[in-house]
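The model shown is predicted, which means the values in this text are computed figures rather than measured ones. Remember, it's 1-based here, ligands and their atoms both numbered in the order they're listed. Along the sequence shown, the residues carry numbers beginning at 1.
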Amino acid sequence: MLQSLLYPIDSASRRTVSLNGMWGFQIDPASCGEQDGWTKKLPKADTLPVPASFADFYTDKAIREYCGDFWYEKDFYVPAEWNGKTVAVRFGSATHVAKVWCNGIEVATHEGGFLPFVADITDCAVYGGVNHIAIRINNELSETRMPVGATKTMPNGRKRATPYFDFYNYSGLHRNVFLMAMPKNRIDDYEVVHSLDGADANVSYKVATIGQGSVEVQLLDAEGNCVARANGSEGILHVENAKLWQVRNAYLYTIVIRLKNGDELIDEYREEIGIRTIEIKGTKILLNGKPVYLKGFGKHEDADIIGRGYSAAVIKRDFELMKWIGANSFRTSHYPYADEVYQMADREGFLVIDEVQAVGCFPSLMNFAEASSGKKVAFFAKETTPQLKEHHKNSIAEMIRRDKNHACVIAWSLLNEPDTSDETATPYFEEVFAYARDCDPQKRPRTFALIGNSSPSVCKCHQVADFLCLNRYYGWYILGGADIEEAEILFRKEMDGWKEVEPNKPIVFSEYGADTHSAIDKLPSVMWSESYQIEVLKMVESVFDSYDNVVGEQVWNFADFQTTEGIMRVDGNKKGIFTRQRQPKRAAFHLKERWESMPNVMDGE
Ligand code: CKU
């Protein structure tokens, strides 16, 4: 397997072919496929579109809810002239565990359903002929992998995934699949770190290469003019009068990296990058030295029919809605998103809190509900913890390797709503947070989203975070409906507590909101009605506005989304400000008014 997660491109030396489209698909409940030769051909394949989740195409509940091994396969052509190059297939993701064969030969394995991996098929490809790729995926949940959950076996022998998290366990080939050809000696990876020098900027870069050659780097402005150049695998690009990447006002340069042997070009890689700095000072988050206020959403990759599948159309619509409403940020709750989402965020100037799929670190099927009960559990002191931590760290390394050069990524969220009530969590957090710092050349701020019961007096881990992300449901899970006034009192009490415990740390609200059925409205309001959603927003906003250490609000959720069925959910989570079809609820107009009246960059600093 190849380590580099550079996005596939075409250049003077590289070719990329999309393998999206119809693939063969077959479930393998008996896990017999590998020994029965499915690696070469699926015996009874259906055809399914890639990218997409398989669940919502079918009318049969047993397939929608299928848990276990399943296979995808596709034939594709490798041109004769690629002989002598490194040829690989890059899967944008496979949920959750995958093994890949090319022409019957094993070429890759991968764990973690939300990050890319690259199968090297150089040695088993047929050049100038048709090739076959097969991937076996497993979507079972366990406590040794993330997102965390369990898999139970029903009396009829069928397996059922029981997530410890509040989103549907969508599975399949969710993202773009690319066939790529690259030179054997090549650019393997690169990193950039920005600093400002008056009106100028310095972009220090490092390029990792495979094989011999000399490195030349250029920075082009948006018109294609070269504004800085440097030689060597490490160096500094000095940019005079740099046009900075600003929130909702992004300027993108193109970095062009060439690997050469004398005058001969060996490899060329290019990518758009934004120049900006990000740091935390006291209770402020500073972008290019100026305090920013985050306005936006916790999101999901989730839509009708395609499930968690990548759709350029859905992403485009989401960004248009986020721009319309005056948002400037989002959290990739609860997993790293498709590469193309970050590319669009770079272009549109959105601030992204990039979250790894460390969700469900709470031993309960309804973790998000039970956790608020204050029940004492020690999730990070289990027998499974060492294995889970290994997987967690691997996923962090992969996420940062993939996303480190995106200007939009301003912070890493390393866990969502873990159990922080027991001391045994502290060393786990310390290790994982230090590891993320080591992985990131830009040393971005690190955080995790704190569940309701991780209060100032209970939480044993908040000190490791560079800023706090609070998920708070005052007015919904806590004292909803006619009790909302009391909810506000409790909320303010908690905020006073944070002022004492963490007086010098910024707080971002990474979740708040109320389930709202777009068909229900009532005067006066009741819970679940559109009026009540607005009331909850107004109540929590009045609290945000009274504390100057609050530097952001990301409402839960951007849109209604699918969850496991159950008594807590009405065909999914309905906390969307937009419906699942991406149309506004009434609360959207309230947020638009509020957010458009607030500056992206705070005044008076
Ligand atoms: C959301 C206690 C809050 C847990 N949080 C996590 C998120 O994944 C859920 O969808 C709450 C909710 O709506 O309950």
Side-chain angles (χ1 to χ4, degrees), residues 114 141 146-149 162-170 296-302 308 330-337 353 355-375 377 379 413-421 447-455 458-459 468-480 487 490-491 494 508-518 527-528 532-533 536-537 540 553-580 585 587:
F114 303 91
L141 299 173
M146 294 167 162
V148 185
T162 50
Y164 295 178
F165 48 89
D166 187 33
F167 53 91
Y168 194 78
N169 188 36
Y170 277 120
F297 301 95
K299 287 185 96 265
H300 264 298
E301 292 185 307
D302 174 275
R308 210 170 306 298
F330 59 93
R331 176 171 62 123
T332 69
S333 39
H334 295 307
Y335 36 80
Y337 289 1
I353 299 176
E355 184 160 280
V356 77
Q357 74 277 9
V359 57
C361 300
F362 220 108
S364 147
L365 298 188
M366 289 282 256
N367 73 306
F368 54 91
E370 204 163 309
S372 325
S373 69
K375 193 174 110 188
V377 284
F379 183 83
S413 169
L414 303 179
L415 302 105
N416 180 70
E417 301 192 329
D419 170 24
T420 62
S421 59
T447 187
F448 70 99
L450 278 74
I451 194 165
N453 80 337
S454 290
S455 61
V458 170
C459 182
L468 301 180
C469 274
L470 301 184
N471 294 356
R472 290 296 177 272
Y473 286 93
Y474 291 102
W476 188 253
Y477 294 119
I478 298 179
L479 297 167
L490 270 195
F491 189 9
E494 183 186 348
V508 170
F509 281 90
S510 42
E511 284 187 27
Y512 58 95
D515 277 281
T516 305
H517 204 292
S518 60
M527 290 173 82
W528 291 91
Y532 188 68
Q533 188 176 32
V536 168
L537 295 183
V540 296
E553 51 190 69
Q554 296 184 327
V555 63
W556 191 254
N557 186 285
F558 171 74
D560 294 346
F561 60 92
Q562 197 62 57
T563 63
T564 309
E565 57 191 331
I567 50 165
M568 294 275 290
R569 297 289 176 255
V570 187
D571 182 27
N573 189 308
K574 294 284 186 277
K575 295 193 187 70
I577 297 302
F578 298 95
T579 63
R580 201 182 191 208
K585 296 182 190 170

For L141 versus P147, what's the shortest heavy-atom pair and its separation? CD2-O, 3.8 Å
Which heavy-atom pair separates I353 from C469 by the least distance, and what is that distance?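 Smallest heavy-atom distance, with atoms named: CD1-SG, 4.2 Å.
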[Y] ring center within less than 6.0 Å of [X] ring center:
X: W528; Y: W476; result: yes
X: F558; Y: F578; result: yes
X: Y337; Y: F114; result: no

Would you say ligand 1 has an N or O under 3.5 Å from any N or O of [X]?
X: D515; value: no
X: E511; value: yes
X: N471; value: no

What are the atoms of ligand 1, with element, lying closer than 4.0 Å to any heavy atom of [X]?
X: H334; value: 7 (C), 8 (O)
X: F561; value: 10 (O)
X: R569; value: 12 (C), 13 (O), 14 (O)

Pick whichever of M568, E417, R472 has a heavy atom sitting closest to atom 4 (C) of ligand 1.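 Ranked by closest heavy atom to atom 4 (C) of ligand 1, first place is E417.
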Could you check whether any side-chain heavy atom of E553 comes within less than 4.5 Å of a side-chain heavy atom of V508, counting everything from C-beta outward?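 No, their side chains stay 4.5 Å or more apart.
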Once you restrict to heavy atoms under 4.0 Å, what part of K574 touches ligand 1? Side chain, backbone, both or neither.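 No part of K574 comes within reach of ligand 1.
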Under 4.0 Å, heavy atoms only, figure out whether ligand 1 is touched by the backbone of F165, its side chain, both or neither.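 Near ligand 1, F165 shows nothing, with every heavy atom at 4.0 Å or more.
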Judged by non-hydrogen atoms, does N573 sit under 4.0 Å from ligand 1? yes
In this structure, does ligand 1 have an atom that sits under 4.0 Å from one of the heavy atoms of Y477? yes
Stepwise side chain to side chain contact (heavy atoms under 4.5 Å, CB included) test for E417 and F448: CA-CA 7 Å; E417 301 192 329; F448 70 99; over 6 Å; no
Do N557 side-chain atoms and G298 backbone N/O form a donor-acceptor pair below 3.5 Å?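 Yes: the side chain of N557 pairs with the backbone of G298.
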